[in-house]
Amino acid sequence: MELDSLRLHAIPGSVEILNGGGGLPMLRLLGRDSTVDVYPHGAHVASFVPKGGRDALFMSGKSYFADGKPIRGGVPLIFPWFGPNAKDASLPAHGFARTQSWSVASTSVAADGSVSARFELKASDATRKLWPHAFSLAFTVTAGKSLSMSLEVRNTGDEPFTFEEALHTYLAVPDVRQVAIDGLKGRTYLDKMAGAARTVQTESPFGIVAETDRVYLDTPDAVHVTLPGHLAVTVAKKGSATTVVWNPWVAKAKAMADFGDDEWPRMLCVETANAASNAVTLAAGATHVMTATVTVG
Ligand code: TA6
């Protein structure tokens, strides 16, 4: 979306249109209680700074900010498949929504001082080449006391389709080796470090002691992350049955060109998703809504 048409959505003192990373246009939502930066590139939330606090989201210093490339950090928006495409490994990992240019539908300020922006993405020749279905997406992000995000998927075709989705939140942490993660006790996860073996989460809270890549199934509850000496973070959700917990640790960090070798201790992904056996089948004309809310303290 060109800068000039974006500027139509500026609201003095509440919504600024800026040149962000790589010169990509960015909206800055100046809420009464927090500031949120979000790019029309991938409808990608890049930062969430509660008033008087620090950025609750991690952003890699080596992230790309370029057409066709996902941003490494913040909240990548994953649709319509999670991870590698099950049928064709040559397709982009985590689908295409995070590398498409979304349009800004509206911006608004609420009575409670929160500021929202709504982005839209509709099926196109480009998306149909990758995924032969008619859909429209709407993503609403709100800078309030919390970071609130809502992803609406509408099936605009005349056949049902099945999709996966995630709000792939990168939390900023002082040291991932010190975090305690709670809210997943007794749940079953696919351990991607063990060939996706189904494993039960017995200990809770639990910590991160090595590369961790777990897809927790049938998990509707909020996840709480405590950080010694810092305010805790909660990732709550609605319409999401899957929770993914990921840290690349040393070797995987080194293997990612858009991630610093020394950055892995400062991030923890707690992702709000519908993936694997929790994939969603949507009837023609139906809409599915998934929301994630990140709260500090
Ligand atoms: O959500 C965890 C995960 O699926 C990991 O397996 C890792 O691949 C991560 O996503 C990042 O994926 P990306 O395609 O953004 O490099």
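We number each residue from 1, following the sequence as shown. First listed ligand is number 1; within each ligand, the first listed atom is number 1.
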Who are the salt bridge (Lys or Arg N to Asp or Glu O under 4.0 Å) partners of Asp258, not counting sequence neighbours? Arg72
Any nitrogen or oxygen of Trp246, main chain or side chain, under 3.5 Å from a nitrogen or oxygen of ligand 1? no
Thr219 and Thr243: side chain donor to acceptor below 3.5 Å: yes
For Phe82, the atoms of ligand 1 under 4.0 Å from one of its heavy atoms are 1 (O), 4 (O)
Measure from atom 15 (O) of ligand 1 to every heavy atom in Arg98, His168, Glu211, Met193 and give the option owning the shortest one. Arg98
Within the 4.0 Å heavy-atom shell around Val244, which atoms of ligand 1 are there? 1 (O)
Hits for salt bridge (Lys or Arg N to Asp or Glu O under 4.0 Å) against Lys238, two or more places apart or cross-chain, chain-then-number order -> none
Under 4.0 Å from a heavy atom of Glu271: give me the atoms of ligand 1 that qualify, with their elements. 1 (O), 2 (C)
Aromatic contact, Tyr39 with Phe119 (centres under 6.0 Å): no
Could you work out, for atom 16 (O) of ligand 1, the closest of Met256, Arg214, Arg72, His94 by heavy-atom distance? Arg72
Distance under 4.0 Å to a non-hydrogen atom of Lys252: what atoms of ligand 1 satisfy this? 7 (C), 8 (O)
Below 4.0 angstrom, N of the basic side chain to O of the carboxylate: do Asp213 and Lys252 qualify? no
Check for me whether the distance between the ring centres of Phe79 and Trp131 falls short of 6.0 Å. yes
Identity and distance of the protein heavy atom lying nearest atom 4 (O) of ligand 1: Lys192 NZ, 3.3 Å
Students should be able to answer this: which protein heavy-atom is nearest to atom 6 (O) of ligand 1, and at what distance? Asp213 OD2, 2.6 Å
So, do Phe82 and His94 have ring centers that fall under 6.0 Å from each other? yes
